[in-house]
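Report on one structure; see the data block that follows.
Every value quoted in this text rests on a predicted model; they were computed, and no experiment measured them.
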Amino acid sequence: MSKSNNNSIEDPRESNKLGRRLVLKTGLGFGAAAALAPVLAACSSDAADETSNTGSNDTATSPDGTPAEATGDPIKVGYIGDLTGVLAQQGQIQLNCFELAVKQINESGGIGGRPIEAVTEDTASDSAQAIEKSTKLALEDEVVTVIGGITSSVREAALTVLPNEKIPFFYTTFYEGAAAGATACDEYLIATGQIPNQQVAPLVPYLSENVGKKYIVVGNDYIWPRGMTEVLEELLVEEGGEVVSSTYFPLGTTDFGPFFKELADADADICWVTLVGSDQDTFLQQYKQFGATTQIVSLSMNDDIAATNPEISEGVITVQNYLAGIESGNNTKFLEEYRAENGADTFPIAIGEGAYNSVYLFKGAVEAADGSTDPTDWIPKLSGVSFDSPSGSIGIDADTQHAITNSYIGKVGADGVIEILDEEKAVVPVVEGCILS
Amino acid sequence: MSDLIQTFVNGLMLGSVLALVAVGLTVIYGVVDIVNFAHGEFVMAGMYATFVASSQFGFDPLLAMPVSAAVVGLIGVLSFFTFVRPAMRGTLLSQIFVTFGLMIFMRGVAQTLFGSNFETIQGAWLSSQRITIGDIVMPGPQLAAAVGSLVCTGAIGWFIYRTTTGKALQATSQDPDAALMMGINPNKMFGLAWLIGGASTGVAAALVANYQPVHPNVGLAFGLTAFVIVALGGFGSIGGAFLAAFAVGMLENFSAFYGDSAYKQVWIFGLFILVMLFRPQGLLGRA
């Protein structure tokens with residue numbers, strides 16, 4: 001179709017005609033603008049997100065008066081996470097778990113009689129928003145601690161603000177640990193997710209014994225996948241294994257065709273996947289369609305993804321500090337209460353359990369500090385707190401302020417349920433050169 | 001050698017799907033002279049239509065194709081008559097932002113209706129089909145998407161260049177007033193362009209839903225790629241979009257296989273900048 005000038009004034013296109021050159025100019029802004037869209041969307045949903053609630057504290061004073069009521073001054077605790085944008089699925093689960101802990105604590109007497117008042121903020125997976133929202137939580141809401149975070153960029157962003165305001169940040173997602181640099185060892189950072197030695201170290205010997213030692217790596221192109229490959233390679237030196245090739249794709253890749261030829265040529269035992277978000281699903285779907293059969297090990301597989309997409313997830317091996325299949329009274333109770341709040345078919349995931357645990361660890365530390373919410377009082381008490389979590393007993397390592405967690409190795413079955421194959425209890429976090437105590 | 005052939009085949013399969021997505025965008029621009037920034041979200045809507053038809057009503061994605069085409073075609077027509085047509089009388093900025101607003105609106109609606117989960121279609125017939133020739137693998141869904149896209153793009157080309165209504169579309173594209181004097185209602189033609197653009201995008205979405213998960217933000221990658229392809233090929237040119245789509249498909253596969261896949265987009269945008277420097281009207285666009 002060709003275009004020609006037209007000079008009529010009747011043409012609705014006439015005034016301010018959208019010329020090609022202009023379209024190109026504005027088009028260059030399209031990428032930036034499109035990237036901005038979740039930000040705009042997040043702004044518009046601010047009103048809804050800024051819910052200030054005290055759990056169901058009001059209902060705690062039930063007529064039968066069984067649980068002790070929390071009546072003192074509320075303790076303000078902030079949550080920041082990815083409630084919109086590409087990680088919204090995980091962010092929402094993280095928030096659900098956080099809210100469950102707040103509700104339970106408030107219904108059973110709060111922290112030393114004081115209820116928790118939760119203030120929720122959405123970062124939309126965006127560093128600039130993370131800085132803005134952390135600042136708001138610190139200065140406007142005057143919270144005493146902040147819990148949440150998924151991506152490393154949001155963690156780094158929050159850490160540019162919170163330590164200066166002397167507000168401890170509980171980061172609840174598995175991440176690259178020491179590879180993140182100096183911020184991994186910050187007196188105001190408390191990490192309840194796993195770091196590489198806790199995820200990879202228990203997994204690799206299991207794989208050597210049961211699957212093989214020759215790996216091909218595919219991941220997204222940012223620090224966590226690359227950091228995990230480094231840790232894997234170090235461990236494989238001891239094991240006598242090798243990584244034959246590693247390929248990284250930009251976030252938001254829709255076509256993994258080029259990798260499958262590499263995979264077919266590689267003759268590896270294990271395909272090590274560190275793709276996140278929808279990229280992992282796209283990859284798994286195309287993996288089966290290309291007829292690949294190498295054993296997949298994916299560090300971001302979880303019960304929620306497996307249950308939503310059983311067909312593509314079947315057979316994938318993962319390692320997490322929490323899996324819904326953990327057999328313990330605590331986990332049964334946790335699952336029941338989580339599902340009562342969020343629906344019968346829903347699953348909490350590791351980063352959510354980390355948020356749940358964080359609230360309880362905070363409670364334990366404040367109570368050990370005789371109710372003081374001054375971090376210089378309660379942070380030193382953290383290492384003395386042991387919490388009987390849904391995934392077993394956990395605590396905080398005094399030197400690194402990272403959690404001593406349990407590692408569960410699982411495999412997705414045909415029904416989308418992750419079966420636990422092996423476990424290692426109380427794995428101590430290793431952050432080289434970090435001595436905070 | 002098999003590496004080369006497989007990479008070439010992958011490039012062809014990717015290119016043909018991108019072509020259909022981009023053709024929808026270029027038809028709308030060619031006739032109505034508006035860039036639809038919500039085009040990626042049209043793909044997302046079609047993928048959700050396919051997903052719902054499959055998960056709720058048991059349609060195989062292939063059978064859900066007409067549903068997806070109808071849904072997205074309808075969204076196209078409705079968007080035109082409710083938002084776009086009034087904005088065409090407004091300032092340039094309102095023309096740009098009306099479809100940009102539509103993009104954000106559609107993402108919001110999708111998140112409200114379906115949540116932010118990544119959903120894949122379970123049990124699609126194509127998913128288990130595969131053609132293997134020696135070392136060369138052609139997965140059923142990608143192959144079907146390629147064939148379907150080629151047929152659909154061909155049909156659009158035939159309709160526009162060979163039928164009376166198609167000629168009326170071309171006439172409107174060239175001069176709506178002269179067309180009006182010849183008894184062609186430009187508004188109907190504008191609406192038709194949105195219908196065709198939407199419906200063809202719906203077909204592409206149903207095909208893509210066989211091998212990609214659907215989520216509210218899935219349109220982002222498609223919208224940006226389609227825009228680059230249309231600009232590369234020349235705004236409004238169907239042949240140009242077709243050619244550019246294959247160039248992008250090939251470049252993406254060859255650069256990722258023989259180079260570092262982390263930088264595959266650098267090559268695509270590098271080509272884009274290069275073409276814009278030396279041929280700003282695009283490969284087949286008219287200056």
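The backbone N or O of A/Thr84 lies less than 3.5 Å from no partner atom in the side chain of B/Gln111, so there is not a single donor-acceptor pair. A/Asn309 places a side-chain N or O within 3.5 Å of a backbone atom of B/Phe118 that can act as its donor or acceptor partner.
Taking A/Thr308, A/Thr254, A/Asp265 one by one and counting their heavy-atom pairs under 4.5 Å with chain B, the maximum is reached by A/Thr254. Chain B forms more heavy-atom pairs under 4.5 Å with one residue of A/Gly277, A/Ala88, A/Ser278, A/Gly91 than with any other, namely A/Ser278. Residue with the most contacts toward chain A among B/Val9, B/Leu93, B/Thr132, B/Asn210: B/Asn210 (heavy-atom pairs, distance under 4.5 Å). Taking chain A as the reference chain and counting heavy-atom pairs below 4.5 Å, the highest number among B/Leu180, B/Val208, B/Asp3, B/Val218 is found for B/Asp3. Among B/Ala221, B/Pro141, B/Gly108, the residue with the largest count of heavy-atom pairs under 4.5 Å with chain A is B/Pro141. Of the listed residues (B/Pro186, B/Gly140, B/Pro216, B/Gly123), the greatest number of heavy-atom pairs within a distance under 4.5 Å of chain A belongs to B/Gly123.
Contacts between B/Ala256 and chain A at a heavy-atom distance below 4.5 Å involve backbone atoms as well as side-chain atoms. Both the backbone and the side chain of B/Asn253 come within contact range of chain A, judged by heavy atoms closer than 4.5 Å. Of the two parts of B/Gln122, the backbone and the side chain both hold a non-hydrogen atom closer than 4.5 Å to a non-hydrogen atom of chain A. Heavy-atom distances place both the backbone and the side chain of B/Glu119 under 4.5 Å from chain A. With a 4.5 angstrom heavy-atom cutoff, B/Gln212 touches chain A via backbone and side-chain atoms both.
When side chains are defined from C-beta on, B/Thr120 does not count as touching A/Glu311, because their heavy atoms never get closer than 4.5 Å. Annotation: side chain of A/Gln89 is not in contact with side chain of B/His215 (no heavy-atom distance under 4.5 Å). In this structure, B/Met13 and A/Asp255 have side chains that are not in contact, with every pair of non-hydrogen atoms separated by 4.5 Å or more.
The two residues A/Phe249 and B/Lys264 make their nearest non-hydrogen contact at CD2-NZ, 3.9 Å. Considering every non-hydrogen atom in both A/Asp281 and B/Pro213, the closest pair reads CB-CG, 3.6 Å. The two residues A/Thr247 and B/Ser261 have their closest heavy-atom pair at CG2-OG, 2.9 Å.
Summarising the geometry, atom CE belonging to B/Met138 is positioned 10.0 Å from atom CZ belonging to A/Phe290; distances are rounded to the nearest 0.5 Å. Separation of atoms CG (A/Asp221) and OH (B/Tyr263) is listed at 6.5 Å; rounding is to 0.5 Å. From B/Asp135, atom CG reaches atom NZ of A/Lys261 across 4.5 Å, with rounding to the nearest 0.5 Å.
The number of heavy-atom neighbours closer than 6.0 Å to CD of A/Glu262, taken from other residues, nucleotides and ligands shown, is above 12. Annotation for B/Tyr258: atom OH counts as buried by contact number, over 12 foreign heavy atoms lying within 6.0 Å. Few gaps surround CG on A/Asp415; more than 12 heavy atoms of other groups in view lie less than 6.0 Å from it. The environment of A/Tyr222 atom OH is dense: over 12 non-hydrogen atoms of other residues, nucleotides or ligands sit within 6.0 angstrom.
With no hydrogens or angles considered, a side-chain donor-acceptor pair links A/Gln289 and B/Ser127 at under 3.5 Å. Remark: the A/Lys288 side chain and the B/Ser128 side chain contain no N/O donor-acceptor pair separated by less than 3.5 Å.
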